[in-house]
Amino acid sequence: MTKEEEKQQLLDLRYLRMARIWAENSYCQRRKVGALVVKNKMIISDGYNGTPSGFDNVCEDSANITLPYVLHAEANAITKLARSSNNSEGATLYVTASPCIECSKLIIQAGIKRVVYGEHYRLEDGIKLLERANIEVKYLNPDDIDGM
């Protein structure tokens, strides 16, 4: 690994660790996911999984099934950009769990060029779609994050 690659890996681990901390804000009980959008070494947006604005902060029903209107962390981070003066063209998305196919579509449309994630999701169709769109996708082992 070159010096530049090592430097990028260290940054990736730091931002991914920050996304893990941000996930703690989620009210979801089954799974807490955090996301950060970073451009030019600046965090331009953040998100965690949860309900839309104005809804009760309850993500699961009485059977512990996620409610259909719960937003994923990536969707929250990307849609938050729409309300700001920032844009995500060429940015990197750091997310604690690999994106689903629906979030991957948003990532592509948002112009994000790189995705770094820390946990494999049971379905890989989102990752495959990102790769098909020539978006750099990188998995980092969460144990590497904890070891820092």
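This structure is a prediction, so every number in the text was calculated from the model and none was measured.
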Shortest non-hydrogen contact between Ala77 and Ser45, atoms and distance: O-OG, 2.6 Å
Using a 3.5 Å distance criterion without hydrogens, assess whether the side chain of Asn40 forms a donor-acceptor pair with backbone atoms of Met42. no
Would the distance check show the side chain of Asn49 and the main-chain N or O of Val33 forming a donor-acceptor pair, the cut-off being under 3.5 Å?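 Yes, Asn49 side chain to Val33 backbone: donor-acceptor pair under 3.5 Å.
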Can you pull out every disulfide (SG to SG under 2.5 Å) where at least one residue sits in residues 93-136? Sequence neighbours excluded, please.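 Qualifying pairs: none.
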Check the hydrophobic clustering (I, L, V, M, F, W, Y; side-chain heavy atoms under 4.5 Å; chains of links allowed) and say if Val116 and Trp22 are grouped together.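 Different hydrophobic clusters.
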Flag yes if Tyr121 and Ile101 sit in one hydrophobic cluster, no otherwise; membership is Ile, Leu, Val, Met, Phe, Trp, Tyr, and two members link when side-chain heavy atoms are under 4.5 Å apart. no
Using only heavy-atom distances, determine whether the side chains of Lys138 and Gln9 contain a donor-acceptor pair under 3.5 Å.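 The answer is yes; a qualifying pair exists.
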Output a table of donor-acceptor pairs, distance under 3.5 Å, between side-chain atoms of residues 67-76 and any protein atom two or more places apart or on a different chain; print 'none' if there are none.
unit_1	atom_1	unit_2	atom_2	d
Asn76	ND2	Tyr48	O	2.7

Please, which pairs that meet side-chain hydrogen bond (donor to acceptor under 3.5 Å, both in side chains) have at least one residue in residues 99-112, sequence neighbours excluded? Glu102-Lys105
If the condition is side-chain contact (heavy atoms from CB on, under 4.5 Å), which residues does Lys41 pass it with, not counting sequence neighbours? Leu11, Tyr15
Within-4.5 Å side-chain heavy-atom neighbours: [X] and [Y]:
{"X": "Ile43", "Y": "Val37", "result": "no"}
{"X": "Pro99", "Y": "Ile107", "result": "yes"}
{"X": "Met18", "Y": "Ile21", "result": "no"}
{"X": "Val58", "Y": "Thr51", "result": "no"}
{"X": "Ile135", "Y": "Val115", "result": "yes"}

With sequence neighbours excluded, tell me which residues meet salt bridge (charged side-chain N to carboxylate O under 4.0 Å, His left out) with [X].
{"X": "Arg31", "value": "Glu119"}
{"X": "Glu136", "value": "Arg114"}
{"X": "Glu60", "value": "none"}
{"X": "Lys80", "value": "Asp46"}

Show which side-chain atoms of residues 88-96 pair as donor or acceptor with protein atoms under 3.5 Å away, not counting sequence neighbours.
unit_1	atom_1	unit_2	atom_2	d
Ser88	OG	Ala110	O	2.7
Tyr94	OH	Asp12	OD1	2.7
Thr96	OG1	Gly34	N	3.1

Verify the neighbour count for atom CD of Glu4: are there more than 12 heavy atoms of other residues, nucleotides or ligands below 6.0 Å?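 No - once you tally the heavy atoms of other residues, nucleotides and ligands closer than 6.0 Å, there are 12 at most.
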Look at atom CG of Asp56 and say whether more than 12 heavy atoms of other residues, nucleotides or ligands are closer to it than 6.0 Å. no
Identify, with sequence neighbours excluded, every residue that meets side-chain hydrogen bond (donor to acceptor under 3.5 Å, both in side chains) alongside [X].
{"X": "Asn87", "result": "Lys39"}
{"X": "Thr79", "result": "none"}
{"X": "Ser98", "result": "none"}

How many angstroms lie between CZ in Arg132 and CD1 in Ile127, if you round to the nearest 0.5 Å?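 Result: 15.0 Å between the selected atoms.
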Atom pair CG/CZ of Leu140 and Arg17 - distance to nearest 0.5 Å: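 One gets 12.5 Å once the value is rounded to the nearest 0.5 Å.
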Would you please test Val38 and Ile44 for side chain to side chain contact (heavy atoms under 4.5 Å, CB included) and show each step? CA-CA 6 Å; Val38 177; Ile44 60 169; over 6 Å; no
Which residue, Val137, Leu16, Leu130, forms the side chain to side chain contact (heavy atoms under 4.5 Å, CB included) with Tyr117?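 Single pass found, and it is Val137.
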